[in-house]
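Numbers here simply count residues along the sequence, with the first being 1. These numbers come from a predicted model, not from an experiment. Because only heavy atoms are used, hydrogens play no part in the values below, and waters and symmetry mates are left out as well, while side chains stay in.
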Amino acid sequence: QVQLVESGGGLVQAGGSLRLSCAGSGRSFSSYAMGWFRQAPGKEREFVATIRWSSTGTSYTDSVKGRFTISRDNAKNTVYLQMNSLKPEDTAVYYCAAGTWSMYTRDYLYWGQGTQVTVSS
């Protein structure tokens, strides 16, 4: 069993940066791939980024490539999402998840409660 808690969301102007954190509990945290997803009002939850358990592989959705960076520290049971050059269209609730290295929500077993990111123009 893994419990996940996100933090670091907030209100930022376009062009600004935020760093999201996701703290996990449970001894099996380091064995899972970790993903970040987001959901804007009226839209489906969508893939943002994922990282393998060993940090040897990462993947991003096209709209955030070059702006967002996913990383993890297994010693701290934490995964991060560094978001730079934020745009209003990045506004959403951001969720972290633990599961299989994938871009699909169905492949993730555990989910956090989400953190709101709002980018003003």
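In this structure, the side chain of T91 engages the main chain of V119 through a donor-acceptor pair within 3.5 Å. In this structure, E6 contributes its side chain and C96 its backbone to a donor-acceptor pair below 3.5 Å. In terms of modelled atom types and a separation under 3.5 Å, the side chain of D107 and the main chain of G99 share no donor-acceptor contact. The backbone N or O of V5 lies less than 3.5 Å from no partner atom in the side chain of Q113, so there is not a single donor-acceptor pair. With T100 contributing its side chain and S102 its backbone, the two residues share no donor-acceptor pair below 3.5 Å.
Legend: salt bridge (Lys or Arg N to Asp or Glu O under 4.0 Å) pairs involving residues 76-102, not counting sequence neighbours, sorted by first then second residue: R38-D90, R67-D90. For residues 57-66, the salt bridge (Lys or Arg N to Asp or Glu O under 4.0 Å) pairs, not counting sequence neighbours, are D62-K65. Under the ring pair (Phe, Tyr, Trp, His ring centres under 6.0 Å) criterion, no residue pair touches residues 64-99, with sequence neighbours excluded.
Side-chain contact check for F47 versus T105: every heavy-atom pair is 4.5 Å or farther apart. Side-chain contact between L18 and V117 is present, with heavy atoms from C-beta onward closer than 4.5 Å. Counting only heavy atoms from C-beta outward, the side chains of V93 and T115 never approach each other to under 4.5 Å. Side-chain contact between T50 and W36 is absent, with no heavy atoms from C-beta onward closer than 4.5 Å.
In this structure, L11 stands alone, with no Ile, Leu, Val, Met, Phe, Trp or Tyr side-chain heavy atom under 4.5 Å from its own, directly or through other members.
Scanning all heavy atoms of the two residues, the minimum distance from S30 to N74 falls at CB-CG, 3.6 Å. Scanning all heavy atoms of the two residues, the minimum distance from S28 to S31 falls at O-OG, 2.6 Å. What you find for T78 and S21 is that their closest heavy atoms are CG2-CB, 4.4 Å.
Surrounding CD of Q3 are at most 12 heavy atoms belonging to other residues, nucleotides or ligands under 6.0 Å away.
Annotation: cation-pi pair R72/W53 absent, no NZ/CZ under 6.0 Å from the ring centroid and within 45° of its normal.
With sequence neighbours excluded, the residues satisfying ring pair (Phe, Tyr, Trp, His ring centres under 6.0 Å) with Y108 are F37. Among residues two or more places apart in sequence or in another chain, the ring pair (Phe, Tyr, Trp, His ring centres under 6.0 Å) test is passed with Y110 by Y32.
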